[in-house]
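Okay, structure first, notes after.
Numbers for residues simply follow the sequence, beginning at 1. Because only heavy atoms are used, hydrogens play no part in the values below, and waters and symmetry mates are left out as well, while side chains stay in.
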Amino acid sequence: TPIKFKGDINMLHNVKSTKLQVTLIDGDHPEGLNRVFNNLVAQPSDEQIASFQTILEGLAGGTVQEATLTTATTLTNE
């Protein structure tokens, strides 16, 4: 979606990368175990992230304490 800057310049936004870092708590890692997942879809919905966390918890046998979504976006003049 183009955004407006001073002088009404339109910039095109292109998602370059999306990653999700999760902190998983379990019996072996009471302080948390951090894992990073790269190459996610450009704009994951809350439901997609929640589903992914549920899958991770089922596979790892722990609880996701925190998740950080990071998106790198390139901006170019229109």
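Closest of all the heavy-atom pairs between Thr18 and Pro44 is CG2-CD, 4.1 Å. Contact detail for Gln43 and Gln48: the closest heavy-atom pair is O-OE1, 4.3 Å. Minimum heavy-atom separation, Pro30 to Gly27: CD-O, 3.9 Å.
Two different hydrophobic clusters hold Phe37 and Leu33 under the rule that ILVMFWY side chains link at heavy-atom gaps under 4.5 Å. Follow the hydrophobic side-chain contacts under 4.5 Å out from Phe52 and you reach Val64 in the same cluster. The hydrophobic cluster containing Val15 does not contain Leu40, counting ILVMFWY residues as joined when their side-chain heavy atoms lie under 4.5 angstrom apart, directly or transitively.
With hydrogens and angles ignored, the 3.5 Å screen pairs no side-chain donor or acceptor of Glu57 with any backbone N or O of Thr54.
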For this session: Carefully, step by step, assess Asp26 and Thr63 under the rule side-chain contact (heavy atoms from CB on, under 4.5 Å).
Result: CA-CA 7 Å; Asp26 65 14; Thr63 302; over 6 Å; no
Exercise. After noting the C-alpha distance and the side-chain angles of Val36 and Asn34, does the key distance pass the side-chain contact (heavy atoms from CB on, under 4.5 Å) rule?
Worked result: CA-CA 7 Å; Val36 177; Asn34 291 313; over 6 Å; no
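Using a 4.5 Å cut-off on side-chain heavy atoms (C-beta onward), Arg35 and Leu24 make no contact. In this structure, Val22 and Leu20 have side chains that are in contact, with non-hydrogen atoms separated by less than 4.5 Å. A 4.5 Å side-chain heavy-atom check between His13 and Leu75 finds at least one atom pair inside the cut-off.
The neighbour count for Asn38 CG, taken as heavy atoms of other residues, nucleotides or ligands under 6.0 Å away, is above 12.
Between Gln65 atom CD and Thr23 atom OG1 the span is 6.0 Å, to the nearest 0.5 Å. Considering OG1 of Thr71 and NZ of Lys16, their distance stands at 13.5 Å, rounded to 0.5 Å.
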